[in-house]
Amino acid sequence: MAVKHNSEIKFKVGLDENKVPEEISWTAIDGGIDNEASKAIMISVWDHKQKDTLRMDLWTKEMPVDEMKQFFHQTLVSMADSFEKATDDAKMGATMRDFCDYFAEKLELKK
């Protein structure tokens, strides 16, 4: 199968003098995103040679703690959905979502 199209996702991170993120923006033209601001990103990349996950988590100084909690919760829910879709393991997907509900309850995210 030959590659028919390349798509790019770009992140731009503005750092202060201590290399702490001040600004984050991203562009994904194929997705209709052009230089949109963000306060946090989480990126995971699978290294198939080492069989290990490479990660990068960044957030700006302006990311409020309550939004960070919500960001983590929504990321966990998305991971449960993606896991189920990728593995067709509905039982574990449901178990992961149960944990997400527990997480939200303990952080008082659900009213």
I'd like to know whether Ile24 forms a side-chain contact (heavy atoms from CB on, under 4.5 Å) with Leu58, so could you lay out the CA-CA distance, the side-chain angles of the two residues, the decisive distance to 0.1 Å, and finally the verdict. CA-CA 9 Å; Ile24 299 171; Leu58 297 172; 4.2 Å; yes
Evaluate the criterion side-chain contact (heavy atoms from CB on, under 4.5 Å) for residue pair Met92 and Phe83; output intermediate values, then yes/no. CA-CA 8 Å; Met92 186 53 71; Phe83 176 84; 3.5 Å; yes
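A salt bridge links Glu84 with Arg97: at least one charged nitrogen is closer than 4.0 Å to a carboxylate oxygen. With salt bridges taken as basic N to acidic carboxylate O contacts below 4.0 Å, one links Asp57 and Arg55.
For the side-chain contact (heavy atoms from CB on, under 4.5 Å) test, residues two or more places apart in sequence or in another chain that qualify with Thr75 are Met42, Phe71, Met79. With sequence neighbours excluded, the residues that form a side-chain contact (heavy atoms from CB on, under 4.5 Å) with Glu62 are Thr60. Listed by chain and residue number, Asp16, Val20, Glu22 satisfy the side-chain contact (heavy atoms from CB on, under 4.5 Å) test with Lys61 (two or more places apart in sequence, or in another chain).
Atoms CD1 and OG1, on Ile43 and Thr53 in that order, are 13.5 Å from each other to the nearest 0.5 Å. Going from atom OG1 of Thr95 over to atom CG of Asp89 covers 8.0 Å, rounded to the nearest 0.5 Å. Note that the NZ atom of Lys106 and the CD atom of Glu108 stand 9.5 Å from one another [nearest 0.5 Å]. Put simply, CD1 on Ile33 and CH2 on Trp26 are 4.5 Å apart, with the number rounded to the nearest 0.5 Å. Taken from NZ in Lys10 to CG in Asp34, the straight-line distance is 10.0 Å, to the nearest 0.5 Å. Separating the CD1 atom in Ile29 from the CD1 atom in Ile9 is a distance of 11.0 Å, to the nearest 0.5 Å.
In this structure, Thr27 and Lys12 have side chains that are not in contact, with every pair of non-hydrogen atoms separated by 4.5 Å or more.
Between the His73 side chain and the Cys100 main chain, a donor and an acceptor come within less than 3.5 Å of each other. No donor-acceptor pair under 3.5 Å is formed between the side chain of Lys69 and the backbone N or O of Asp66.
Transitive grouping of hydrophobic side chains (ILVMFWY, heavy atoms separated by less than 4.5 Å) keeps Trp46 and Leu54 in distinct clusters.
When only modelled atom types and interatomic distance are considered, Asn35 and Ser25 share a side-chain donor-acceptor pair under 3.5 Å.
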